[in-house]
Trainee: 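Sharing a structure below in structure tokens format, with a few things to ask.
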Amino acid sequence: MGVSPFSILSELLGRKSGCARGKGGSMHMYCENFYGGNGIVGAQVPLGAGIALAHQYKGDGGVNIALYGDGAANQGQLFEAFNMAKLWKLPSIFVCENNGYGMGTSAERAAANTNYYTRGDMIPGIWVDGMDVLAVREATRFARQMCAEEKGPVVLETVTYRYSGHSMSDPGTSYRTREEIQEVRAHRDPIHSLKDKILQAELATAEELKVIDTDVKEEIDRAVKDAKADGEISMEELPADIYSENLEPYIRGITAVDKLKHLNIGSRVNYA
Amino acid sequence: MSRAIIHQSQALRFTLRNTCQNTLHYRSIFTGTTGVKINHKNLNFDFKNLINCSQHNINLDNSNYNQHRNYSSHFTYVPDTVPSSEGETVRMNFYQAVNNAMDIALASDPTCVLFGEDVAFGGVFRCSLGLQDKHGKDRVFNTPLCEQGIVGLGIGLAVAGSTAIAEIQFADYIYPAFDQLVNEASKFRYRSGNEFNCGKLTVRAPCSAVGHGALYHSQSPEAYFAHTPGLRVVIPRGAITAKGLLLSCIRSNDPCIFFEPKVLYRSAVEQVPTKDYEIPLGKAEILVEGDNVTLIGWGTQVHVLREVAQLAQDRLNVSCEVIDLMSIQPWDYETVINSVKKTGRVVIAHEAPLTCGFGAELAATVQKECFLHLEAPIQRVTGFDTPFPHVQEPFYLPDKWRCLEGVRTVVEF
């Protein structure tokens, strides 16, 4: 599961090797078993419940994980999904990635109940330190086991942090102090904490970890270079993949008589 | 490769300089005189063919446009001016004009409140900058991320007697609130036999293409709401119109949706009157008078059409009348019909997709009322019938070349 860094970076730049052929951009990463990001945050939660229902129906033992943020946690459609998931005991794991801010609005100013793990109402919730890699893994394992034993949906709240701004137009400093960001970076950074744990438990030496660091940096640098050099998709793809079967002879264009050929180019991964 | 681009772009520059009144607009494209790499989008449109072609099939193969990414916007902003009788003016851009309008509304109406996502610190586009400090936290406040809740809340406030300005962060996010707007806000007065109404609700949202918005930061949803009786839909073209129209919407006794073309927030700079003024809703404005073709648009597209009118005059010797609709619902039927009866030819342009875009309503009404006056079928130049694309945006938009092609089509019919 998952895609290469090159594929992700290409998608961000709108190039053809992107995981959505460059047509989606930053919020629309897709691959096998990964049902994408959603520009309208919160929309993915009922989607996740639906996929969980499909797994339950097909009896393939599959589990669905739907992730949303503390901002999206206030969307109405989440509660609709929670209700249905609990009612039908869907194998669903709802994960709230609480980084304390919904873009510029802090969690305290957006939510009456900031204990997001309790907001599943009848769905049991687990609070997880999202900055602790091992804790997240164990919590996910536990939740997955619960779903496998047909013990119904679970809500996980992983408490984490966002260093940079929400998006390109958000500097990230107009609603919080730089000291706060630096403090988290210094004391709670997940990668550094894990590194400290590994060193303390003497599972690896600092040099070995340095090698991993360097390798990863190289890999990403190479991926960036490749992504920048990659080509964009051709213009024929503008009217491509709108429908599975285009019933009209042409897609209508800019003026009422322009005719664009609808093409089916991308290959489906979600079901045979 | 780069030599080929320089070569092609010099030909492009020659053609554009000949026709385009405002070369300032293209400076970011043509910086190549010293041999420096040109930031230029190598469009695959053969411009000579475009002006003279008699085919309507757009050839979409293989545009080599990944070389240089930095392209300027597809329009040149044309500022409006006001006569000195309007009093003192201040240089403001679009978002400052919106800010000023809301400031005046909050100051003059003690029941007025403004709310939405992230509006407290000024909002993503700075439209509400300083308003919380000035008018208080109980009047200017953030809401959680819940559009349906925001609009529903706004309806409730308005029904109870408050003037509510609800901000939806991007027009693309307005759909969770679609039910509240279409089923609740628009029908409140009607279904209660005029006993209740939510007329003092104004919903503001940034709309339209911005160059890098992709699928969910570029939409123009005016047609969905124009299709709902009971709502007013308004789209200004610049700072002066923004302030006047927004104040009219806020004070209107019917629920209004005010779409603000986001690409104009910083680029639309004008000398805006500082006083409290309103521009009447339901009235269009003729920006350029002409005799041969009527061009109808709104928002950003108005500026594209102004340039098209100039191009048409210079290259085709065709005199175009440019109308800014301003109010989408209700639209100024009289102004448009009178203009079409004069010219006999119409080109309607909008960024939204073609099928059932607002141009369809205009075209249908115009052909019914002016059938015997029309010299050519009504031409619509719009976005494609596809979702708003990611990297193919410049090809999607109804830019001036496509609109000019539309003018040529109606003239040569």
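Chain letters run A, B, ... following the sequence lines, proteins first and then strands; every chain starts at 1.
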Trainee: Tell me whether the guanidinium CZ or amine NZ of A:Arg119 lies under 6.0 angstrom from the six-membered ring centre of A:Phe82 and within 45° of its axis.
Mentor: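 Output no; distance or angle outside limits.
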Trainee: Among B:Thr382, B:Asp172, B:Val347, which residue has the highest count of heavy-atom pairs closer than 4.5 Å to chain A?
Mentor: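 Result: the option with the highest number of such pairs is B:Thr382.
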Trainee: Tell me, please, which residues at least two apart from A:Ile265 pass side-chain contact (heavy atoms from CB on, under 4.5 Å).
Mentor: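 Testing A:Ile265 for side-chain contact (heavy atoms from CB on, under 4.5 Å), a comparison that skips the adjacent residues, returns A:Arg21, A:Glu237, A:Ala240, A:Asp241, A:Leu263.
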Trainee: Got a sec, which residues hit side-chain contact (heavy atoms from CB on, under 4.5 Å) with B:Ala364, two or more places apart in sequence or on another chain?
Mentor: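 Once residues adjacent in sequence are excluded, B:Ala364 has no partner under the side-chain contact (heavy atoms from CB on, under 4.5 Å) criterion.
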Trainee: Is it the backbone or the side chain of B:Ile348 that comes under 4.5 Å from a heavy atom of chain A, or both, or neither?
Mentor: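 Contact with chain A: none, neither part.
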Trainee: Test of understanding: with side-chain hydrogen bond (donor to acceptor under 3.5 Å, both in side chains), list the residues that count as partners of B:Asn142, not counting sequence neighbours.
Mentor: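 If we apply the side-chain hydrogen bond (donor to acceptor under 3.5 Å, both in side chains) test to B:Asn142, skipping adjacent residues, the hits are A:Thr105.
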Trainee: Are there residues of residues 68-78 of chain A that reach to under 4.5 Å of chain B by heavy atoms, and which ones?
Mentor: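 Counting heavy atoms that sit under 4.5 Å from chain B, the residues of residues 68-78 of chain A involved are A:Gly71, A:Ala72, A:Asn74, A:Gln75.
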Trainee: With a 4.5 angstrom heavy-atom cut-off, which part of B:Tyr173 approaches chain A: side chain, backbone, both or neither?
Mentor: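 Looking at B:Tyr173, backbone and side chain both touch chain A.
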Trainee: Is the number of heavy atoms from other residues, nucleotides or ligands under 6.0 Å of B:Tyr224 OH greater than 12?
Mentor: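 Open.
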Trainee: Under 6.0 Å from the OH atom of A:Tyr163, do we count more than 12 heavy atoms belonging to anything else shown?
Mentor: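 Enclosed.
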Trainee: Answer whether the closest heavy-atom distance between the side chains of B:Val410 and B:Val346 falls below 4.5 Å.
Mentor: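 B:Val410 vs B:Val346: side chains apart.
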Trainee: Could you tell me whether B:Arg345 sits above the aromatic face of B:Phe413, with NZ or CZ closer than 6.0 angstrom to the six-membered ring centre and within 45 degrees of the axis?
Mentor: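 Pair B:Arg345/B:Phe413 does not count as cation-pi.
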Trainee: Measure distances from A:His262 to the heavy atoms of chain B and classify the residue's part below 4.5 Å as side chain, backbone, both or neither.
Mentor: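 Nothing of A:His262, per the 4.5 Å heavy-atom cut-off to chain B.
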Trainee: Measuring heavy-atom distances to chain A, does B:Ala120 have an atom under 4.5 Å in its side chain, in its backbone, in both, or in neither?
Mentor: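 Contact with chain A involves the side chain of B:Ala120 alone.
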